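Nothing here was measured: the structure is a model prediction, and the numbers come from that model. Counting starts at 1 for both ligands and their atoms, following the listed order.
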Amino acid sequence: MSTSHKIAVLPGDGIGPEIMEQAVKVLKAFEQKFGASFELTSAPIGGAGIDSDGVPLPEGTLKLAQESDAVLMGSVGDFKYDNLDPKIRPEQGLLQIRKALGLYANLRPVKGYKCLEHVSTLKPEVVTGIDVMVVRELTGGIYFGQPRAREGSGKDEKAFDTLVYSQPEIERIARVGFEMALSRRKQLVSVDKANVLASSQLWRDVVNAVAKDYPQVEVSHMYVDNAAMQLILNPKQFDVILTENMFGDILSDEASMLTGSLGMLPSASLGEKKANGKRNALYEPSHGSAPQFAGQNKVNPVAQILSLALMLEYSFGYKQEAAQIDQAIEQVLNEGYRTFDIMGEGATLVGTAELGDRIAAALLKLPSAVSV
Ligand code: NAD
Ligand code: IPM
Ligand code: MN
């Protein structure tokens with residue numbers, strides 16, 4: 001296939017660059033194996049943007065992202081920016097790019113590998129075969145609501161944020177959740193705090209209204225505190241979890257532990273479909289920049305590599321081919337090669353780069369049942 005796809009590569013901070021390197025290795029192997037072709041252009045975001053341009057989302061980075069077919073991101077944030085004005089913290093770069101590209105739908109698949117069932121802190125029988133999709137609203141709620149401020153001083157100092165959702169914002173993410181459920185086991189649990197919050201009461205009403213268009217999907221509602229508990233008690237009861245921005249942030253980190261490590265959890269952030277059928281999209285691990293491990297060739301690159309696989313599937317339609325990346329990962333893990341966070345008895349401890357090399361090599365060696 002000769003078409004070249006444009007990808008904006010934003011490694012970011014902390015462990016971002018070293019895990020991105022592994023995803024790029026796997027992408028090169030993918031190109032070689034399937035004859036696909038990608039044009040990669042790197043740009044700074046987060047702390048890297050503050051260092052190069054004085055802001056967490058430099059204009060050139062946003063322009064590149066807007067002109068690309070997809071964005072592959074690492075992660076942002078480092079202790080060294082903790083005392084900056086909150087408006088130019090690295091994390092603002094991520095929030096700004098999500099907003100600017102209209103990436104309202106964040107998909108966080110939580111899929112366990114059989115060979116890692118003993119790695120989770122939960123009992124193997126609780127986590128074996130886990131397959132949950134968290135659909136998180138990403139451009140609304142308390143992360144973006146106005147007004148927000150910190151004002152006054154001493155005992156008069158106060159700070160506030162606003163949790164606001166409009167009907168259309170809820171409806172569009174609910175539709176993503178229901179469509180997702182339709183393509184899976186047809187069960188959707190909408191998570192809210194409707195016993196307390198007005199925004200959640202609207203959320204629940206809108207989800208119930210959208211549910212009428214999806215009679216095949218079994219829908220239920222759960223309060224977020226109970227959902228946090230149920231995820232640990234009996235995670236297999238969940239197929240699709242649909243929730244608002246902050247609850248999704250928290251529950252997805254919690255859910256990652258069902259797989260054994262936060263280092264295993266990818267994500268896709270998608271915008272609305274445009275007239276030409278395309279949509280803006282950014283792919284990044286669900287985890288952060290783990291700055292305490294940066295530059296040590298130690299952390300797990302799998303979440304980043306799985307984010308690449310999601311990009312190949314969702315943005316470029318390489319569904320079967322991307323599934324081979326997943327197979328390559330599983331094969332290498334089955335062979336016992338592990339980073340520290342997913343180590344187990346009898347396994348071989350390897351660094352970030354070696355795991356990346358092995359996954360790229362395994363992909364090349366898999367019988368290529370499909371070609372593009
Ligand atoms: P974090 O996700 O960076 O790390 C939490 C813990 O998870 C780490 O201490 C480590 O034990 C583990 N972990 C994370 N990624 C791992 C990997 N690939 N391999 C092995 N272990 C891994 O969260 P944090 O420590 O709360 O935040 C650190 C920085 O990252 C902060 O600046 C925060 O704002 C930022 N952050 C960025 C993103 C993002 O870019 N999307 C997401 C979350 C946090
Ligand atoms: C995530 C992160 C971000 C979020 C931060 C870094 C802004 O935690 O992607 O999960 O809260 O959305
Ligand atoms: Mn998070």
Side-chain angles (χ1 to χ4, degrees), residues 10-23 44-50 56-57 71-84 86-99 103-108 110 116 119 121 134-144 161 243-257 259-269 282-307 329 333 338-343 349-353 355-356:
L10 316 181
D13 311 318
I15 60 169
E18 62 202 276
I19 55 176
M20 182 64 83
E21 236 178 81
Q22 313 317 314
I45 191 166
I50 296 171
L57 180 61
V71 180
L72 186 63
M73 207 195 85
S75 40
V76 295
D78 197 303
F79 324 117
K80 73 175 188 188
Y81 307 101
D82 280 355
N83 296 322
L84 284 181
K87 289 196 184 69
I88 54 162
R89 276 184 67 114
E91 292 79 357
Q92 286 302 318
L94 179 55
L95 297 176
Q96 286 166 15
I97 198 170
R98 286 173 179 169
K99 194 71 173 177
L103 307 173
Y104 69 97
N106 184 220
L107 312 179
R108 298 191 160 180
V110 184
L116 296 186
V119 169
T121 50
V134 178
V135 176
R136 169 190 177 197
E137 200 291 326
L138 201 62
T139 50
I142 200 164
Y143 276 48
F144 294 95
D161 299 279
T243 193
E244 63 98 67
N245 202 343
M246 186 161 70
F247 296 161
D249 178 43
I250 298 167
L251 292 179
S252 58
D253 264 35
E254 185 192 3
S256 76
M257 281 301 117
T259 72
S261 170
L262 186 50
M264 299 295 295
L265 211 71
S267 88
S269 306
L282 180 149
Y283 301 86
E284 56 164 334
S286 295
H287 63 70
S289 56
Q292 73 275 32
F293 296 125
Q296 296 171 29
N297 187 34
K298 203 175 155 179
V299 295
N300 192 343
V302 168
Q304 183 76 64
I305 296 170
L306 284 173
S307 301
I329 293 171
L333 298 177
R338 311 281 172 81
T339 43
F340 78 98
D341 55 313
I342 49 172
M343 265 304 278
L349 180 66
V350 295
T352 311
L355 202 65

Do protein heavy atoms approach atom 6 (C) of ligand 1 to less than 4.0 Å?
-> no
Check: of L94, T352, V299, V76, min heavy-atom distance to atom 37 (C) of ligand 1 comes from V76
Identify, by atom number and element, the atoms of ligand 1 in contact range of L262, meaning under 4.0 Å from any of its heavy atoms.
-> 2 (O), 7 (O)
Between M73 and ligand 2, which part of the residue brings a heavy atom under 4.0 Å of the ligand: side chain, backbone, both or neither?
-> neither
Ligand 2 and E284, any nitrogen or oxygen pair closer than 3.5 angstrom?
-> no
When distances are taken from atom 41 (N) of ligand 1, the protein heavy atom at minimum range is E284 OE1, 2.9 Å
Here the atoms of ligand 1 under 4.0 Å from any heavy atom belonging to F293 are 10 (C), 11 (O)
Atoms in ligand 1 with a heavy atom of D341 nearer than 4.0 Å | 19 (N), 20 (C)
Indicate yes or no: does an N/O atom of E91 lie under 3.5 Å from an N/O atom of ligand 1?
-> yes
Within 4.0 Å of some non-hydrogen atom of S75, the atoms of ligand 1 are 40 (O)
Which one of S286, S289, A303, A294 has a non-hydrogen atom at the shortest distance from atom 29 (C) of ligand 1?
-> S289
Can you tell which of G77, A290, P301, G93 gets a heavy atom nearest to atom 3 (O) of ligand 1?
-> A290
Considering only protein heavy atoms, which is closest to atom 44 (C) of ligand 1, and at what distance to one decimal place?
-> G288 CA, 3.4 Å
Can you pull out the closest protein heavy atom to atom 28 (C) of ligand 1? Residue, atom name and distance to 0.1 Å, please.
-> P291 CD, 3.6 Å
What part of N300, side chain from CB on, backbone N/CA/C/O, both or neither, has a heavy atom under 4.0 Å from ligand 1?
-> both
Taking everything shown except N83 itself, do over 12 heavy atoms lie less than 6.0 Å from its CG?
-> no
Heteroatom distance test (N245, ligand 2): nitrogen or oxygen, under 3.5 angstrom = no
Protein non-hydrogen atom found under 4.0 Å from atom 18 (N) of ligand 1 = yes
Proximal atoms of ligand 1 relative to G263 (non-hydrogen, under 4.0 Å) = 17 (C), 18 (N)
Of R108, Q92, R98, E91, the one whose closest heavy atom lies nearest atom 12 (O) of ligand 2 is R98
Please work out whether any backbone atom (N, CA, C, O) or any side-chain heavy atom from C-beta onward of I15 is under 4.0 Å from ligand 1, and answer side chain, backbone, both or neither.
-> side chain
So which bit of F79 gets within less than 4.0 Å of ligand 1, heavy atoms only: side chain, backbone, both or neither?
-> neither
Answer yes or no: does an N/O atom from R98 fall short of 3.5 Å to an N/O atom of ligand 1?
-> no
Strictly under 2.8 Å, is any N, O or S atom of D249 next to the Mn ion (ligand 3)?
-> yes
Quick one: does atom 1 (P) of ligand 1 have a protein heavy atom under 4.0 Å from it?
-> yes
Atom 24 (P) of ligand 1 protein-contacted (non-hydrogen atom, under 4.0 angstrom) = no
Pick from M264, Q304, Q292, R89: the one approaching atom 9 (O) of ligand 1 most closely through a non-hydrogen atom = Q292
Nearest protein heavy-atom contact for atom 15 (N) of ligand 1: which residue, which atom, what distance?
-> H287 CG, 3.2 Å
